2 protein chains.
Amino acid sequence: MKKHIPHKQDVRDMLKGTGLKATTARVDILAVLARVKQPVTVKDLVQLLPEGDQATTYRNVSLLAKHNLVRQVDLGQGHAYYELNDEKDDHHHIICVACDRIEDFSECTVDQLTRSALRQQPSFKTVIRHSIELFGICSSCQK
Amino acid sequence: MKKHIPHKQDVRDMLKGTGLKATTARVDILAVLARVKQPVTVKDLVQLLPEGDQATTYRNVSLLAKHNLVRQVDLGQGHAYYELNDEKDDHHHIICVACDRIEDFSECTVDQLTRSALRQQPSFKTVIRHSIELFGICSSCQK
DNA sequence: TTCTTATATGAGAATGATTCTCATTTAGGA
DNA sequence: TCCTAAATGAGAATCATTCTCATATAAGAA
Ligand SMILES: [Mn+2]
Ligand SMILES: [Mn+2]
Ligand SMILES: [Zn+2]
Ligand SMILES: [Zn+2]
């Protein structure tokens with residue numbers, strides 16, 4: 001259940017595997033995301049990186065997302081979050097509207113949703129990605 | 001199934017019903033949203049309004065959303081969309097990643113999702129809102 | 001209907017996130 | 001080691017959204 005931090009060389013191989021150059025900026029981003037195990041904003045990421053540059057970080061998270069190494073998470077906050085993408089673990093998020101605490105949850109209804117959507121809208125042929133977020137109140141904010 | 005455009009006085013009463021002033025800016029926003037029947041950006045909205053002011057429109061869509069007269073839709077585009085909120089019709093969206101075509105679909109798995117999430121994360125007590133979006137390819141873009 | 005006033009509006013400036021420009025550096029193959 | 005296409009970094013630019021404050025207006029009171 002618990003995920004371990006990948007060794008630096010594994011990350012480099014991951015990048016090579018997708019045809020991307022294994023630059024220090026990219027390796028560092030993946031290392032930080034592996035360590036924090038939480039969706040983080042680009043601003044946070046720049047802070048957490050040993051040498052974080054804003055433009056480079058934005059460029060790289062987009063690129064890594066395009067190659068499915070990271071996942072962009074949209075929590076309706078006006079800015080994107082990013083987390084490491086684990087293909088084998090499709091999960092979604094529940095976020096506290098009071099304190100922004102974010103937790104994962106997994107589910108098994110995506111196939112149903114997809115089938116239902118494609119049945120209702122024959123003008124769509126394929127679903128390639130989905131986003132499911134729940135907004136609620138966590139126990140500490142429930143007081 | 002088809003929804004008709006509400007008469008201007010009905011819209012005014014709707015606003016009064018929530019304790020909001022029935023200003024022309026607000027009535028016009030609701031009228032446009034009723035007419036287009038599609039999630040629109042604030043930029044679009046400002047264009048479509050007879051006298052659209054940016055700041056006023058932003059203020060009003062937020063306010064109307066807080067009072068559940070409109071619904072903010074998040075499609076991972078870096079900016080929000082808004083649509084008229086019909087309490088009786090909980091639906092979600094499927095958007096074409098190639099041409100941004102947006103269609104609705106409804107489903108019945110939100111309860112399952114919610115139960116599942118709360119079971120997995122006992123640190124959360126309540127779910128008050130959800131966002132489910134599917135990203136795919138529409139038939140015209142499938143070529 | 002007219003008056004009063006708390007609210008809303010509108011024009012523009014400010015802010016925050018994200019993207020772009022371009023000179024310089026670097027990864028990785030030859 | 002060398003070469004070069006690709007990546008980086010610093011700053012400026014852009015885009016969405018919010019704020020400021022002077023003016024206008026909805027709606028209840030008279
Ligand atoms: Mn997650
Ligand atoms: Mn809709
Ligand atoms: Zn909380
Ligand atoms: Zn399309």
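Lettering follows sequence order; numbering is per chain, from 1. In this text the structure is predicted, and so the values were computed from the model without any measurement.
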Below 4.5 Å, heavy atoms only, C-beta onward: do Lys21(A) and Lys16(A) meet side chain to side chain?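 Answer no - side chains too far apart.
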Is any side-chain heavy atom of Asn85(B) closer than 4.5 Å to a side-chain heavy atom of Glu87(B)?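 Counting from C-beta outward, Asn85(B) and Glu87(B) do come under 4.5 Å.
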Roughly how many Å is it from [atom1] in [X] to [atom2] in [N], rounded to a whole number?
X        : N       : atom1 : atom2 : value
Gln72(A) : dT19(C) : CD    : C1'   : 14 Å
Asp53(A) : dG11(D) : CG    : C1'   : 10 Å
His79(B) : dT18(C) : NE2   : C1'   : 13 Å
Leu45(A) : dT18(C) : CG    : C1'   : 14 Å
Asp44(A) : dT18(C) : CG    : C1'   : 15 Å
Asp28(A) : dT8(D)  : CG    : C1'   : 13 Å
Gln54(B) : dA11(C) : CD    : P     : 11 Å
Asn60(A) : dC20(C) : CG    : P     : 15 Å

Please name the residue in the list Leu30(B), Ile29(B), Leu69(B), Asp53(B) that meets the side-chain contact (heavy atoms from CB on, under 4.5 Å) test with Asn60(B).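 Of all the options given, the one that passes is Ile29(B).
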Mind checking Ala25(A) for me? I need base, sugar-phosphate or nothing, with any heavy atom below 4.0 Å counting as a touch.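 Sugar-phosphate only.
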Would you kindly compare Lys16(A) and Thr56(B) by the position of their nearest DNA chain C nucleotide and give the one closer to the 5′ end?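 Its nucleotide being nearer the 5' end, the pick is Thr56(B).
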So does Tyr58(A) get a side-chain nitrogen or oxygen closer than 4.0 Å to the phosphate oxygens (OP1/OP2) of dT19(C)?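 Looking at the OP1 and OP2 atoms of dT19(C), neither is under 4.0 Å from any side-chain N or O of Tyr58(A).
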Does a nitrogen or oxygen in the side chain of Thr23(A) sit under 4.0 Å from OP1 or OP2 of dA7(D)?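 No, outside the criterion.
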Nearest-nucleotide 5' precedence on DNA chain D, Arg12(B) against Val42(B):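 Residue closer to the 5' terminus by nearest nucleotide: Val42(B).
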Between Gly78(B) and Lys21(A), just flag the one whose closest nucleotide in DNA chain D comes earlier from the 5' side.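 By nearest-heavy-atom nucleotide position, the 5'-most residue is Lys21(A).
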Considering only dA5(D), dT17(D), dA11(C), which nucleotide approaches the side chain of Ala55(B) most closely?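 Nucleotide nearest to Ala55(B)'s side chain: dA11(C).
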Which listed nucleotide (dT17(D), dG12(C), dT9(C)) is nearest to the side chain of Arg26(B)?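 Nearest to the side-chain atoms of Arg26(B), counting from C-beta on, is dT9(C).
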Taking atom types as modelled, find out whether Gln120(B) and Ser116(B) have a side-chain donor-acceptor pair closer than 3.5 angstrom.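 On atom types as modelled, these side chains qualify, holding a pair under 3.5 Å.
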Would you check if there is a donor-acceptor pair between the side chains of His92(A) and Glu133(A) at a distance under 3.5 Å?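 No, because no side-chain N or O of Glu133(A) sits under 3.5 Å from a partner of the opposite role on His92(A).
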Between the base of dG10(C) and the side chain of Arg59(B), is one N or O donor paired with an acceptor at under 3.5 angstrom?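 Answer yes: a donor N or O sits under 3.5 Å from an acceptor.
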